[in-house]
Amino acid sequence: MSDRRRAILEGAARVIARRGVRGLRVGDLAAEAGVSTALIYYHFKDRTGILRQALAFITDRADRYTCAAEGAGVPPAGTDPRQLLERILLLEFQDLPEVRENSTAWGELRAHTVFDPELRDELSAAGTAWVEEVAGLLAAVCPAAPHGTVTAAAERLTALLEGLSSRWLSGLLPVGHARDLMRGAIGVEIGRLRSFDSQID
């Protein structure tokens, strides 16, 4: 990715996080990124193109700060999949500007699709990929559990994370308490899934 394209996408994430999707104006984005509006239109064609690429950028950036060190969520030989699962989910609660911005922008994009379906397919695909990643790790922890049950557990965990993240970012929940609640939910879901191990014995 070129430096200017990256600057535009970083600027879009900042603007969306601060002002929401409706507050994203090409002129303001150009000022934020330090480029011309013509360059933005050259790279992204229109506002919808900017939003689609911003969503992909935000998703990729979240993957980098939660999974990159662990091989994109695939446990290296000898890595405990439960530890990796906790790491991936709990790193969403880092009190760092990039993480706060990313989580806020994701929430704004999700809220936007309630009224405007233009990004719904892309957002759904990103959410599905995230659920599949979490389900893969849950299946590694609890291999006897049925696929559908594992997927439902992953859906509950990712939905809870989004809700906790929203409360944390709003100042309604301390970051440490959000992590504790997330750890507890992981334990509950793994406990349910492990009940299938005893059914096989």
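Quick note: residue numbers are just sequence positions, from 1. Below, each value reflects all heavy atoms present in this structure, side chains not excepted, and no hydrogens, waters or symmetry copies.
S166 places no side-chain N or O within 3.5 Å of a backbone atom of G163 that could act as its donor or acceptor partner. A donor-acceptor pair is defined here as one N or O able to donate and one able to accept, closer than 3.5 Å; such a pair exists between the side chain of T158 and the backbone of A154. Using a distance-only test at 3.5 Å, with no hydrogens or angles considered, no donor-acceptor pair links the side chain of R167 to the main chain of L172. In terms of modelled atom types and a separation under 3.5 Å, the side chain of R14 and the main chain of A33 share no donor-acceptor contact.
Taking 4.5 Å as the limit, every side-chain heavy atom of H177 sits out of range of all side-chain heavy atoms of W168. A 4.5 Å side-chain heavy-atom check between L173 and L181 finds at least one atom pair inside the cut-off. The side-chain heavy atoms of Q53 and H43, taken from C-beta on, include no pair separated by under 4.5 Å. Counting heavy atoms from C-beta outward, L160 and R156 have side chains that stay 4.5 Å or more apart. Looking at F44 and R52, their side chains never come closer than 4.5 Å, going by heavy atoms from C-beta outward. Side-chain contact between W130 and L161: present, with at least one pair of heavy atoms (C-beta onward) separated by less than 4.5 Å. Under the 4.5 Å side-chain criterion, counting only non-hydrogen atoms from C-beta, V15 is not in contact with E108. C142 places none of its side-chain heavy atoms less than 4.5 Å from the side chain of F196.
Summarising the geometry, atom CZ belonging to R19 is positioned 4.5 Å from atom CG belonging to D28; distances are rounded to the nearest 0.5 Å. E118 contributes atom CD, which lies 6.5 Å from atom CZ of R47 (distance to the nearest 0.5 angstrom). Distance check: L89 CG to R179 CZ gives 12.5 Å after rounding to the nearest 0.5 Å. One finds the CG atom of L169 at 8.5 Å from the CZ atom of F93 (value rounded to the nearest 0.5 Å). Atoms OG and CG, from S103 and L96 in turn, are 10.5 Å apart once rounded to the nearest 0.5 Å. With values rounded to the nearest 0.5 angstrom, T104 atom OG1 is found 11.0 Å from L109 atom CG.
Hydrophobic cluster membership is shared by I8 and Y42, with clusters built from Ile, Leu, Val, Met, Phe, Trp and Tyr side chains linked at under 4.5 angstrom. The hydrophobic cluster containing V188 does not contain I88, counting ILVMFWY residues as joined when their side-chain heavy atoms lie under 4.5 angstrom apart, directly or transitively. L164 and L85 fall within the same hydrophobic cluster, where Ile, Leu, Val, Met, Phe, Trp and Tyr residues are linked whenever their side-chain heavy atoms come under 4.5 Å apart, directly or through other members. Put simply, L137 and L193 are part of the same group of oily side chains (I, L, V, M, F, W, Y) that touch within less than 4.5 Å, one to the next. Side-chain heavy atoms closer than 4.5 Å link hydrophobic residues (I, L, V, M, F, W, Y) into clusters, and following such links, possibly through other members, connects L51 to Y41.
In terms of heavy-atom proximity, L138 sits nearest to A153 at CD1-CB, 3.9 Å. Across all non-hydrogen atoms, the minimal contact from R82 to V141 is N-CG2, 3.5 Å. Among all heavy-atom pairs drawn from V26 and I40, the shortest one is O-CD1, 3.9 Å. Counting all heavy atoms, side chain and backbone alike, A12 lies closest to L29 at N-CD1, 3.3 Å. Minimum interatomic distance between V150 and A145 (heavy atoms only, all atoms of both residues): CG2-CB, 3.6 Å. The minimum heavy-atom distance between D46 and G49, with the atom names listed, is OD1-N, 2.7 Å.
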Step-by-step side-chain contact (heavy atoms from CB on, under 4.5 Å) determination, L157 to M182
CA-CA 8 Å; L157 287 175; M182 197 72 233; 3.7 Å; yes

Could you walk me through whether R64 and E98 satisfy the salt bridge (charged side-chain N to carboxylate O under 4.0 Å, His left out) test, starting with their C-alpha distance in whole Å, then the side-chain angles of each, then the deciding distance to 0.1 Å, before giving a yes or no?
CA-CA 11 Å; R64 283 196 302 277; E98 180 182 65; 5.3 Å; no

Salt bridge (charged side-chain N to carboxylate O under 4.0 Å, His left out) between D3 and R6, intermediate numbers included:
CA-CA 5 Å; D3 290 344; R6 178 177 295 280; 5.7 Å; no

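Taking the charged nitrogens against the carboxylate oxygens, R61 and E101 do have a contact shorter than 4.0 Å, which makes a salt bridge.
Within 6.0 Å of CZ in R22 there are 12 or fewer heavy atoms belonging to other residues, nucleotides or ligands.
Of the options R87, Q94, E86, E92, a side chain to side chain contact (heavy atoms under 4.5 Å, CB included) to L90 is made by E86 and by none of the others.
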